[in-house]
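Written below as structure tokens is the structure these notes are about.
Every chain is numbered from 1, with letters handed out A, B, ... down the list of sequences.
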Amino acid sequence: MTREDFEHFLIRFGTDVSLWPHDTRAAAEALLAADPAARALLAEETALERRLWDAARLTTAADTRPAQRVARALANAPLPRQSRRHPVLWLPDWLIALDLRPAWPSIAALAGMALLGFMVGSSDTLVGIGAGARAGSATDVSAVVFEPGPIGEGVL
Amino acid sequence: MREPSDEDLMSAIAAGDEAAFRVLCQRYAVRAVAFARRFVGSGTDAEDIAQEALLRVWRAAPRWRPDAAFGTWFYRIVINLCLNARRRLPFLGLDAAGERADPAPDALAGLERQEEDRALLDAVAALPERQRVAILLTYWEGFSNAHAAEILGTSVSGVETLLVRARRSLRLSLGAARKEGQGDDA
């Protein structure tokens, strides 16, 4: 067992090595016997765990008073309307709590609009290019793009 | 008579039973406030978070599916609200680190204890968000690593890794704080 393994087992089984499963305990005890750093780690982890449990057991008025206010406020104020839309089975529960609704109808509408716009736009361009091709070089697009107009020259 | 389980209450709340909702609020308001206060560091924000979390429970109750325990679902809502609040506001430092229910008879020892508690809570507050959530869920809420993993949406070994990192950071910062304290005393 490495010291890192030992650190993980401390999280999994707690700092009382005597309560660990037999095989793991034997390996841990061998490590503790051989490695002073592992012994120091165990001592520090035991102290930290005790402090954490101690602090966690604190009963504070800073928690209970606001909680009472919350419970009172929710008991006295009129509650909002509940969301009665059909459950969306593929959404995780916590997302349901955010009251999200499925976005696919709006996305489909947006995609439809985009497609329509693209079709109208490209049909215009195609008509323009077709007409241009029929008219010959007079409507050469590159000439329009690359030749500076009078405004550009004035500015430069 | 048997106390109704959280899930029984949720079924009633889903049908619009306000009395059942009040019972659930009594049961969970203090847990939500305590968790949020230790996460965001401000009692006022914690109160808002607890109230919003419970209102979301009320609103979403008809759509709730009892796939997971109610507590798991509720803590996810609280954690998400805490994360949103933390992104809006910096950590403010805990309003009251600990007003012990059973203060030590010796006033000096009591003060030292309070200082230690405050140092510990400040060190927890300085942890990265997921590590802080893992510590709060396992120590303050007393959840098993498996339950914490379910709430965090990760594996048990993922939670263990978060806890290993969190405890390394805590050992370091508390060790440094202790050395500073000794330096001040000297």
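For Thr161(B), the parts sitting under 4.5 Å from any heavy atom of chain A are the backbone and the side chain alike. The contact between Ala75(A) and chain B is made by backbone and side chain atoms together, counting heavy-atom distances below 4.5 Å. Residue contact with chain B, scored on non-hydrogen atoms closer than 4.5 Å, involves the backbone and the side chain of Glu45(A) alike. For Arg72(A), no part lies near chain B; criterion is any non-hydrogen pair under 4.5 Å. Heavy atoms of Ile135(B) lying under 4.5 Å from chain A belong exclusively to its side chain. Only the side chain of Arg22(B) comes within contact range of chain A, with at least one heavy atom under 4.5 Å from a heavy atom of that chain. Both the backbone and the side chain of Leu79(A) come within less than 4.5 Å of a heavy atom in chain B. Looking at Tyr28(B), neither its backbone nor its side chain comes within 4.5 Å of chain A, counting heavy atoms on both sides.
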### Task
Step by step, work out the side chain to side chain contact (heavy atoms under 4.5 Å, CB included) result for Arg171(B) and Leu41(A).
CA-CA 10 Å; Arg171(B) 283 200 309 268; Leu41(A) 175 65; 3.3 Å; yes

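Nearest approach of Gln82(A) to Pro62(B), heavy atoms of both residues: CB-CG, 3.8 Å.
Salt bridge present: Glu52(B) and Arg56(B) bring a charged side-chain N and a carboxylate O closer than 4.0 Å. A salt bridge links Arg27(B) with Glu3(B); the closest basic N to acidic carboxylate O contact falls under 4.0 Å.
Ranked by heavy-atom pairs under 4.5 Å with chain B, the list Ala47(A), Ala71(A), Pro80(A) is led by Pro80(A). Per-residue heavy-atom pair counts under 4.5 Å with chain A were compared for Ala19(B), Ala34(B), Gly153(B), and the maximum is reached by Ala34(B). Across Glu49(A), Gln68(A), Glu4(A), the residue that shares the most heavy-atom pairs under 4.5 angstrom with chain B is Glu49(A). Listed options Gln51(B), Arg168(B), Glu160(B) were ranked by heavy-atom pairs under 4.5 angstrom with chain A; first place goes to Glu160(B).
For Arg165(B), the CZ atom is loosely surrounded, since the number of other residues' heavy atoms within 6.0 Å does not exceed 12.
A donor-acceptor distance shorter than 3.5 angstrom exists from the side chain of Asp8(B) to the backbone of Ser5(B), with no hydrogens or angles considered.
Looking at Glu141(B), His147(B), Arg31(B), Glu150(B) one by one, the single match for side chain to side chain donor-acceptor pair (under 3.5 Å) with Tyr75(B) turns out to be Glu141(B).
Between the side chains of Thr2(A) and Asp5(A), at least one donor N or O lies within less than 3.5 Å of an accepting N or O.
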